[in-house]
Every structure is written in C-alpha cells, then in structure tokens.
Colleague: 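Quick one: the structure is below, and I'll ask about it shortly.
Each residue takes its place number in the sequence, starting with 1.
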Amino acid sequence: ILDRGSDPYVLSKAHLLTGDAYFYKGYYSTAIEAYEKALQYTGKDDQDYPYAVYSKCYATYHMAMETHQSQRDSLLNQALILLEQLVSFSGYQQDYYLLKGMIQKAKGDYLAASSSFDAVTDPSAIGFASYYKGLIFFEQGNYPSAIMACLLYTSPSPRDRTRCRMQSSA
C-alpha cells in the first residue's frame with residue numbers, strides 16, 4: 001500500500017498506522033518520518049490532520065528526551081513550533097496544554113510549564129498535569145507542594161503512581 005497506493009486517504013491512514021507502530025516500538029525518528037508522510041496526504045480540514053501533527057510532535061518530544069543535551073533543545077524547539085499548529089483544533093486543546101507543559105518542563109521553563117499544566121481542565125488529564133507539576137515542585141526542592149500535587153495525580157497506571165510517590169518521598 002505504501003509503495004503503490006494512490007488514494008490519499010488510504011496512504012494517510014497507512015502512514016499514520018506505520019508511524020504509530022514505530023512510535024510504540026521506540027523508533028521515534030522513523031515514526032516522525034511516517035507522520036510527515038501522512039501529513040503530505042492529509043489536508044488541514046481532514047480529521048486525521050491534528051492527530052498526525054500531535055503524533056509527530058509527541059514523537060519529537062520523546063526523541064528529544066533520549067537525545068544528548070546538545071541536540072535536545074533544538075528538538076524541543078521543533079516540537080513547540082509544531083505543537084502550535086494544534087492550538088486551533090478544539091478537540092486537541094487538552095493534549096496541546098499537557099504536551100506544551102511537558103516540553104516546557106523539559107526545557108527547564110518551569111513557570112511556563114506550570115501555567116500550561118494549569119490550563120488542563122479535562123478530568124481525564126488533570127491527574128497527568130498534577131503529576132508533572134509535582135515533578136516540577138520536586139525538582140525545585142518544594143517537597144510539600146510536590147507531595148500535594150502527586151496526591152491529586154490519578155493516573156490509571158499504578159507504576160506511574162508509585163514513581164510519583166517515590167520521587168516525592170526522596
């Protein structure tokens with residue numbers, strides 16, 4: 001399909017699925033390439049467009065987090081620029097603020113990150129925002145606030161909850 005297909009809809013979907021597969025295997029660079037190809041076949045009015053942009057941004061963030069510091073800032077800046085394409089898509093507002101905060105935190109801009117996390121209002125995402133705010137407080141040495149933020153954290157993943165408790169009690 002990817003080599004001989006001609007239907008833009010099918011090619012877009014195929015590249016999105018390929019990107020997702022590479023992402024979940026941890027092959028972020030290859031995932032980014034697949035998301036870029038999906039965007040070539042996806043117009044801004046297509047329902048898959050914001051997903052492709054978000055996925056490419058998220059893969060860029062993960063690649064940055066596994067990259068040497070000398071290249072990390074450049075990748076994080078690319079992710080922030082790409083993320084701005086999502087601001088106008090109402091269905092991605094919560095994802096936008098959460099990922100923006102994660103990127104800002106990774107860049108060391110704790111004040112901006114905290115503000116982005118505060119903008120998260122979806123009950124299903126507030127826990128994650130609280131978790132990341134807890135990490136910010138912890139990294140700043142504000143342990144009581146870190147503990148309070150982690151107490152608000154209600155992730156479905158017990159492993160993440162344990163990690164938050166361990167970092168808060170350190």
Colleague: Looking only at heavy atoms, which two atoms of Gly19 and Ala31 are closest? And how far apart?
Modeller: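 That would be O-CB, 3.4 Å.
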
Colleague: About how many Å separate CD of Gln69 and OG of Ser74, when rounded to the nearest 0.5 Å?
Modeller: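 CD of Gln69 is found 11.5 Å from OG of Ser74.
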
Colleague: Please confirm whether the backbone N or O of Asp109 pairs with a side-chain atom of Gln104, one donor and one acceptor, at under 3.5 Å?
Modeller: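 Checked: no pair found.
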
Colleague: Looking only at atom types and distance, does a side-chain atom of Gln94 sit under 3.5 Å from a main-chain N or O of Thr121, one as donor and one as acceptor?
Modeller: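 Checked: pair present.
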
Colleague: Classify the ring geometry of Tyr58 against Tyr61: parallel below 30°, tilted from 30° to 60°, perpendicular beyond 60°.
Modeller: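 Plane angle under 30°, so parallel.
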
Colleague: Would you please test Tyr131 and Ile126 for side chain to side chain contact (heavy atoms under 4.5 Å, CB included) and show each step?
Modeller: CA-CA 9 Å; Tyr131 169 75; Ile126 287 175; over 6 Å; no

Colleague: To the closest 0.5 Å, what do you measure between OG (Ser55) and OH (Tyr35)?
Modeller: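 It is 4.5 Å, given to the nearest 0.5 Å.
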
Colleague: Kindly give the heavy-atom pair with the smallest separation between Gly134 and Cys150, and that separation in Å.
Modeller: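 Looks like CA-SG, 4.4 Å.
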
Colleague: Are Leu16 and Val53 linked, directly or through intermediate hydrophobic residues, by side-chain heavy-atom contacts shorter than 4.5 Å (ILVMFWY only)?
Modeller: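 Same cluster.
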
Colleague: When you check the gap from the basic side-chain N to the acidic O, do Lys105 and Glu139 get nearer than 4.0 Å?
Modeller: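 A salt bridge is present here (some side-chain N lies under 4.0 Å from a carboxylate O).
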
Colleague: Going from SG on Cys57 to NE2 on His62, what distance comes out if it is rounded to the nearest 0.5 angstrom?
Modeller: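 Taking SG in Cys57 and NE2 in His62, the distance rounds to 10.0 Å.
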
Colleague: Cluster question for you: counting only ILVMFWY and a side-chain heavy-atom cut-off of under 4.5 Å, with indirect links fine, are Leu111 and Leu135 together?
Modeller: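 No, Leu111 does not connect to Leu135 through the hydrophobic network.
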
Colleague: Do Ser12 side-chain atoms and Pro8 backbone N/O form a donor-acceptor pair below 3.5 Å?
Modeller: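 Not confirmed, Ser12 side chain does not pair with Pro8 backbone.
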
Colleague: Please confirm whether the backbone N or O of Met102 pairs with a side-chain atom of Tyr132, one donor and one acceptor, at under 3.5 Å?
Modeller: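 Looks like no, no N/O pair under 3.5 Å.
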
Colleague: What is the distance from atom NZ of Lys44 to atom CG of Leu39, rounded to the nearest 0.5 Å?
Modeller: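 Output value for this atom pair is 10.0 Å.
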
Colleague: Identify the heavy atoms of Leu86 and Pro50 that sit nearest to each other, and give their distance.
Modeller: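 Scanning both residues completely, I find the closest heavy atoms to be CD2-O, 3.4 Å.
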
Colleague: Between Ser114 (side chain only) and Tyr110 (backbone N and O only), is there a donor and an acceptor less than 3.5 Å apart?
Modeller: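 Not confirmed, Ser114 side chain does not pair with Tyr110 backbone.
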
Colleague: Counting C-beta onward and ignoring hydrogens, is there a side-chain heavy-atom pair between Tyr49 and Gln85 closer than 4.5 Å?
Modeller: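 Of all side-chain heavy-atom pairs linking Gln85 with Tyr49, at least one is under 4.5 Å.
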
Colleague: Between Val87 and Leu99, is there shared hydrophobic-cluster membership here, with clusters defined by ILVMFWY side-chain heavy atoms closer than 4.5 Å?
Modeller: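 Yes, because Val87 and Leu99 connect within a single hydrophobic cluster, where side-chain heavy atoms sit under 4.5 Å apart.
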
Colleague: Answer with yes or no whether the hydrophobic clustering places Leu11 together with Leu17; edges join I, L, V, M, F, W, Y residues whose side-chain heavy atoms lie under 4.5 Å apart.
Modeller: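 The answer is no; the residues belong to distinct hydrophobic clusters.
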
Colleague: Please check if the number of heavy atoms outside Gln47 that lie under 6.0 Å from its CD is greater than 12.
Modeller: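 Atom CD in Gln47 is not packed in, count stays at 12 or less.
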
Colleague: Is any side-chain heavy atom of Gln78 closer than 4.5 Å to a side-chain heavy atom of Leu75?
Modeller: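 When only atoms from C-beta onward are counted, Leu75 and Gln78 do touch, with a gap below 4.5 Å.
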
Colleague: Kindly compute the distance separating OH (Tyr54) from OH (Tyr96), expressed to the nearest 0.5 Å.
Modeller: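 These two atoms lie 13.0 Å from each other.
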
Colleague: Given Tyr97 and Asp122, is the side chain to side chain donor-acceptor pair (under 3.5 Å) satisfied, shown in steps?
Modeller: CA-CA 11 Å; Tyr97 288 119; Asp122 184 336; over 6 Å; no

Colleague: Going by the angle between their ring planes, with limits at 30° and 60°, are Tyr41 and His15 parallel, tilted or perpendicular?
Modeller: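 Rings of Tyr41 and His15: parallel, under 30°.
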
Colleague: Report yes or no: do Met65 and Phe128 belong to one cluster of Ile/Leu/Val/Met/Phe/Trp/Tyr joined by side chain heavy-atom distances under 4.5 Å?
Modeller: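 Shared cluster, yes.
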
Colleague: What residue pairs, at least two apart or across chains, pass salt bridge (charged side-chain N to carboxylate O under 4.0 Å, His left out) with a residue in residues 46-59?
Modeller: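 Every salt bridge (charged side-chain N to carboxylate O under 4.0 Å, His left out) pair that includes a residue of residues 46-59, provided the two are not neighbours, is Lys13-Asp48, Glu36-Lys56.
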
Colleague: Answer with yes or no whether the side chains of Asp95 and Tyr51 bring together a donor and an acceptor at under 3.5 Å.
Modeller: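 The answer is no; no qualifying pair exists.
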
Colleague: Would you mind reporting whether Tyr28 and Phe23 have side-chain heavy atoms less than 4.5 Å apart?
Modeller: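 When only atoms from C-beta onward are counted, Tyr28 and Phe23 do touch, with a gap below 4.5 Å.
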
Colleague: Of the non-hydrogen atoms in Ala38 and Thr42, which two are nearest, and what is the gap between them?
Modeller: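 Minimum heavy-atom separation between Ala38 and Thr42: O-OG1, 2.6 Å.
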
Colleague: So, for Thr60 and Ile32, which heavy atoms are closest and what is the spacing to 0.1 Å?
Modeller: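 Shortest heavy-atom contact: OG1-CD1, 3.5 Å.
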
Colleague: Do the side chains of Leu80 and Lys107 get nearer than 4.5 Å, heavy atoms only?
Modeller: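 They are in contact (side-chain heavy atoms under 4.5 Å apart), so the answer is yes.
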
Colleague: Ignoring hydrogens, what is the shortest heavy-atom contact between Phe117 and Leu98? Give both atom names and the distance.
Modeller: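 Closest approach of Phe117 to Leu98: CE2-O, 3.5 Å.
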
Colleague: Please report the interatomic distance CD1(Ile136) to CZ(Phe138), rounded to the nearest 0.5 Å.
Modeller: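 The CZ atom of Phe138 is 13.5 Å from CD1 of Ile136, to the nearest 0.5 Å.
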
